[in-house]
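Worksheet: the structure to be examined is printed underneath.
Quick caveat: nothing in here was measured; it's all calculated off a predicted structure.
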Amino acid sequence: MTRIALIAHDDEKPEMIDFVRTHEDVLEGFDLVATGTTGKRIMDETGLDVERKQSGPLGGDTQIGAEVADEALDGIVFLRDPLTAQPHEPDITALLRICDVHDTPMATTRTSAEFLIEGLADR
């Protein structure tokens, strides 16, 4: 089964919820993993089951990166807030780097996320 991670910075969580609701029919066919708060919000506001990791600042981004290194993820949707500094920026940078190293697609905008899940759904 296709496995994707869903991550959203605080200001982007409403956009993630809207994205997931809009594409719930496609996403229900995927194995979903998310960082803590994002995963909880998705489960609370949709009918989807999500494996939750720690919140990003508590190591969730690093846990997702470990799954990329283990080649256990097919892609990541990471709706980032590019205008706000994050206290765990080194973890975010490491996640971006590990995705590049392992050629794992990461979408960081709504439009690129739509292309990502459409591409993975067609496999």
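- Put simply, the side chain of Glu45 never gets that close to the backbone of Ile17: no donor and acceptor are under 3.5 Å apart.
- The two atoms that bring Phe30 and Met1 nearest to each other are C-SD, 3.7 Å, heavy atoms only.
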### CA sep, side-chain torsions, deciding dist, call: Thr22, Arg110, side-chain contact (heavy atoms from CB on, under 4.5 Å)
CA-CA 11 Å; Thr22 301; Arg110 172 82 180 244; 3.4 Å; yes

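- Contact between Val50 and Gly39 at its shortest, heavy atoms only, is CG1-CA, 4.0 Å.
- Proximity of a side-chain donor or acceptor of Thr46 to a complementary backbone N or O of Ile42 within less than 3.5 Å is detected.
- Not one N or O on the side chain of Asp70 forms a donor-acceptor pair closer than 3.5 Å with the backbone of Ala72.
- Nearest heavy-atom pair across Ala113 and Val77 is CB-CG1, 3.7 Å.
- For the atom pair OG1 (Thr104) and CD1 (Ile98), the distance works out to 8.5 Å, reported to the nearest 0.5 Å.
- A salt bridge does not link Arg21 with Asp18: none of the charged nitrogens is closer than 4.0 Å to a carboxylate oxygen.
- Separation of atoms CD (Glu114) and NE2 (His23) is listed at 3.5 Å; rounding is to 0.5 Å.
- To the nearest 0.5 Å, atoms OG1 (Thr108) and CG (Asp81) are separated by 12.0 Å.
- The nearest pair of heavy atoms linking Asp91 to Gly56 is OD2-O, 4.3 Å.
- Note that CG of Leu95 and OG1 of Thr35 are 10.0 Å apart. Values are rounded to the nearest 0.5 Å.
- A pairwise comparison of heavy atoms in Gly59 and Gln54 identifies C-CB, 4.2 Å as the closest pair.
- Checked for salt-bridge contact, Glu51 and Arg3 meet the test: a charged N lies under 4.0 Å from a carboxylate O.
- With hydrogens and angles ignored, the 3.5 Å screen pairs a side-chain donor or acceptor of Ser112 with a backbone N or O of Thr109.
- Here the straight-line distance linking atom OG1 of Thr37 with atom NZ of Lys13 works out to 5.5 Å at 0.5 Å rounding.
- When each of Thr62, Thr93, Asp61 is paired with His88, the side-chain hydrogen bond (donor to acceptor under 3.5 Å, both in side chains) condition holds for Asp61 and for no other.
- Leu120 and Ile64 are members of different hydrophobic clusters when ILVMFWY side chains are connected at heavy-atom separations under 4.5 Å.
- With hydrophobic clusters built from ILVMFWY side chains whose heavy atoms lie under 4.5 angstrom apart, Leu96 shares a cluster with Val33.
- Criterion: ILVMFWY side-chain heavy atoms under 4.5 Å apart, direct or through other members. Under it, Met16 and Phe78 are not part of a common hydrophobic cluster.
- Within the 4.5 Å cutoff, the side chain of Ile4 has no heavy atoms near those of the Ile76 side chain.
- Residue Leu6 is tested with Leu79, Val20, Leu48 for a side chain to side chain contact (heavy atoms under 4.5 Å, CB included); the sole match is Val20.
- The structure places CG of Leu116 at 9.5 Å from CG of Asp74, a figure rounded to the nearest 0.5 Å.
- A donor-acceptor pair under 3.5 Å is absent between the side-chain atoms of His9 and the main chain of Arg80, judged by distance alone.
- Within a 6.0 Å sphere centred on CG of Asp25, heavy atoms belonging to other residues, nucleotides or ligands number more than 12.
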